[in-house]
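Got a structure for you, questions after.
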Amino acid sequence: MHYWLMKSEPDVFGIDHLAERPRQTEPWDGVRNYQARNMMRDQMQVGDLAFFYHSNTKPPGIVGIVEISRAGYPDHTAFDPNDPHYDPKSDPDNPRWFMVDVTLQRRLARKITLDELKTRPELAEMRLVQKGNRLSVMPVEPDEWQAILALENKSVFP
DNA sequence: GCCAACGTTGGC
DNA sequence: GCCAACGTTGGC
């Protein structure tokens, strides 16, 4: 059992989109970063939980929790020349990119913003708040996971 | 829209 | 194997 954080731009695919999908489940496709791929391919397991993070929006932050409902399998969008995530170097016999399926578990009671996470001393080591971080899929330590959940029902950051 | 901080590519 | 050029991410 591992904890994760997964970023998506709400204009492209946000938590509202996930909520509208059949069984509230969707493949997490289009990831084209090797570190992120390795985690999805090798480490994510069915039953793992991940924070759903909205990036490139105002303000960025965590908006929900998803469960990994299918472990790593080839990202077929890499095989489709008409797909924006097409990668000619990936082929079905030797796939380069992998994805997992995520299922919405619940929305958070409120958005926990990046700004708020940055103010918490207990989260100072979190990957998300480190300078220059760009990973779209990253591990979350169990104590960080609990610390973030504990913020959910506190009054909104002043 | 800007741009810093990466990550990838490809010539050499 | 180095590294300059280029492309992308994502906060601001």
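This structure is a prediction, so every number in the text was calculated from the model and none was measured. These values consider heavy atoms only, across backbone and side chains, with no hydrogens, waters or symmetry-generated copies.
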(request) Write down the distance between CG (Asn33(A)) and P (dT9(B)), rounded to a whole number of angstrom. (result) 11 Å

(message) Expressed as a whole number of angstroms, how long is the span from Gln130(A):CD to dG11(C):C1'?
(response) 15 Å

(message) Rounded at 0.5 Å granularity, tell me how far CD in Glu9(A) sits from OG in Ser55(A).
(response) 4.5 Å

(request) Evaluate whether atom CZ of Arg106(A) has more than 12 neighbouring non-hydrogen atoms of other residues, nucleotides or ligands under 6.0 angstrom away. (result) yes

(request) Rounded to the nearest angstrom, tell me the gap between atom NZ in Lys131(A) and atom P in dG10(C). (result) 17 Å

(request) Using the six-membered ring wherever Trp is involved, compare the ring planes of Trp97(A) and Tyr34(A) and label them parallel, tilted or perpendicular (cut-offs 30° and 60°). (result) tilted

(request) Using a heavy-atom cut-off of under 4.0 Å over every strand shown, decide if Gln35(A) touches base, sugar-phosphate, or nothing. (result) sugar-phosphate

(request) Could you label the plane-to-plane angle of the Phe52(A) and Trp28(A) rings as parallel, tilted or perpendicular, counting under 30° as parallel and over 60° as perpendicular? (result) perpendicular

(message) Side-chain N or O of Lys89(A) versus OP1/OP2 of dT9(B): is the shortest distance under 4.0 Å?
(response) yes

(message) Between the side chains of Arg110(A) and Glu116(A), is the shortest nitrogen-to-carboxylate-oxygen separation below 4.0 Å, so that they form an ion pair?
(response) yes

(message) Does anything in residues 54-64 of chain A come within less than 4.0 Å of DNA chain C? Heavy atoms only, and list the residues if so.
(response) Ser55(A), Asn56(A), Pro60(A)

(message) By nearest heavy atom, map Asn133(A) and Arg96(A) onto DNA chain B; which one lands nearer the 5' end?
(response) Asn133(A)

(message) What's the separation between atom CD in Gln45(A) and atom CD1 in Ile68(A), rounded to the nearest 0.5 Å?
(response) 10.5 Å

(message) What is the distance, to the nearest angstrom, from the CH2 atom on Trp97(A) to the P atom on dG7(B)?
(response) 13 Å

(request) Could you check how far CG of Asp115(A) sits from P of dG10(C), rounded to whole Å? (result) 18 Å

(message) From C-beta outward on Tyr34(A), which listed nucleotide comes closest to its side chain: dA5(B), dT8(B), dC12(C)?
(response) dT8(B)

(message) Expressed as a whole number of angstroms, how long is the span from Asp87(A):CG to dT8(B):P?
(response) 12 Å

(request) Could you tell me whether the phosphate oxygens of dT9(C), OP1 or OP2, come under 4.0 Å of any side-chain nitrogen or oxygen in Tyr53(A)? (result) no

(request) Could you state the atom-to-atom distance from CG of Leu114(A) to C1' of dT9(C) in whole Å? (result) 14 Å

(request) Classify the angle between the aromatic ring planes of His2(A) and Trp4(A) as parallel (below 30°), tilted (30 to 60°) or perpendicular (above 60°). (result) tilted

(message) Using OP1 and OP2 only, check whether a side-chain N or O of Lys7(A) sits under 4.0 Å from dT9(C).
(response) no

(message) Using only modelled atom types and a 3.5 angstrom limit, is any donor from either the side chain of Arg134(A) or the base of dT8(C) paired with an acceptor on the other?
(response) yes

(message) How many whole angstroms separate atom CE of Met138(A) from atom P of dT9(C)?
(response) 14 Å

(message) With a 4.0 Å limit, can you tell me whether Lys118(A) has a side-chain N or O closer than that to the phosphate oxygens OP1/OP2 of dC12(C)?
(response) yes

